[in-house]
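Each remark here refers to the structure printed beneath this line.
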There are 2 protein chains.
Amino acid sequence: MQNENLYKELLRRFRLKVTLTRLHVLDVLANTPVALSHADITEQLAEYDIDKVTLYRTLNAFTKCGLAHKVATEDRNWLYALHMPDDAPSEVTSDHAHFVCDECERIYCLPMETGNNTRDIKEEQGFVIRSQEYRLHGTCPECHTQFSQQ
Amino acid sequence: MQNENLYKELLRRFRLKVTLTRLHVLDVLANTPVALSHADITEQLAEYDIDKVTLYRTLNAFTKCGLAHKVATEDRNWLYALHMPDDAPSEVTSDHAHFVCDECERIYCLPMETGNNTRDIKEEQGFVIRSQEYRLHGTCPECHTQFSQQ
DNA sequence: TAAAAAATGCAACAAAGTTGCAATACGTTG
DNA sequence: CAACGTATTGCAACTTTGTTGCATTTTTTA
Ligand SMILES: [Mn+2]
Ligand SMILES: [Mn+2]
Ligand SMILES: [Zn+2]
Ligand SMILES: [Zn+2]
């Protein structure tokens, strides 16, 4: 594992004990541009034979402390991603944007751009807004390229 | 049922056969401002003792033809809502906005406002956008009022 | 190195939704 | 209105995804 010390530091910053499983999961999450499911992570860590309950608990711990966030997919499961580098690190319910690929079902985390006025309108109507998520659906560059070449 | 004929017409427009269960479900969905779960609908239609599988199939049928749409919640189940009156009626993957109340977990369907430039940015980056969903999280007016009064 | 607290692994459980299949209802045609 | 073909329904069994309880092991701090 290349960034082991970085991961250890990160875990400590979020008051999580350093364990081998957590380091492995962190390594997987840190090295992908997309959000990953429990099944994805299990597959990538197959050689370490990680217990399924331990992995669920690890992902819940990451989510609870704000190290990661989870996104519910259309097909009733969750994908996990570390918060983006430019996110405030301890901000759990920060604004968020995602791109959902309809072909490969990958979910990309995006920086949230401002400019939408729906928020202001709803606040005038008495809704109290704490965070927002903006989801784009379509085809990701990888899938689009594949399609075009065939 | 007040609007029985309206519902029948609606079902026929979407090429669905008219059945009693579908009329009841349609009636429930048409008379709420929020998206409803399988459990919510079962409860509201308790007197008719609707089979759970039939209800799932009904909701799937409504979703597939575009009469309704479903929203995945954080706690891995689905809420269903009819498309809004000002939606193009046969547009299945139309743009959408939702307000998610963190207190009561109700999801309100909102008209989608424009003005966000994330879409344009991602298109420049090679993502093909087919639809977008914008989600606000916070406290709805009902819950906010309750809290304030106590 | 010892003690306290937290994490792990296993088995059992739970919730949400799907599948297969026989029985029933819908709607079209005559 | 009757009869037929097709779609829908109801039931039981199953699947997927995730949680809970509890005994054991690991981590951390002193
Ligand atoms: Mn994200
Ligand atoms: Mn909606
Ligand atoms: Zn893709
Ligand atoms: Zn509320």
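Values below: all heavy atoms of this structure, side chains included; hydrogens, waters and symmetry mates excluded.
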Going 5' to 3' along nucleotides 8-16 of chain D, which nucleotides have protein heavy atoms under 4.0 Å from the base (write B), which only from the sugar-phosphate (write S), and which from neither (write -)?
SBBBB---B

Under the side-chain contact (heavy atoms from CB on, under 4.5 Å) test against A:Val25, which residue among A:Thr54, A:Leu20, A:Leu59 passes?
A:Leu59

In whole angstroms, how far is the P atom of D:dT17 from the CG atom of B:Asp75?
17 Å

Strictly below 4.0 Å, N to O, side chains only: are B:Glu142 and B:Arg106 in salt-bridge contact?
yes

Reckon A:Asn60 touches a base, only the sugar-phosphate, or nothing at all at heavy-atom distances under 4.0 Å?
sugar-phosphate

Hey, would you say the A:Tyr108 and B:Phe127 ring centroids sit under 6.0 Å apart?
yes

Can you classify the ring geometry of B:His83 versus B:His69 as parallel (below 30°), tilted (30 to 60°) or perpendicular (above 60°)?
tilted

Below 4.0 angstrom, N of the basic side chain to O of the carboxylate: do A:Glu103 and B:Arg130 qualify?
yes

Under 4.0 Å from any heavy atom of chain A: name the first and the last nucleotide of DNA chain C that qualifies, 5' to 3'.
C:dA6 to C:dG17

Under 4.5 Å between any side-chain heavy atoms of B:Asp27 and B:Leu45, yes or no?
no

If you measure from NZ on B:Lys8 to CG on B:Leu16, what distance do you get to the nearest 0.5 Å?
15.0 Å

Side-chain heavy atoms of B:Gln44 within contact of B:Leu36, under 4.5 Å
yes

Is the shortest side-chain heavy-atom distance between B:Arg12 and B:Val18 below 4.5 Å?
yes

Atom CG in A:Leu26, atom CE in A:Met1: separation rounded to 0.5 Å?
8.5 Å

Angle between the end axes of the helix from C:dT1-D:dA30 to C:dG30-D:dC1, five pairs per end, to the nearest 10 degrees?
40°

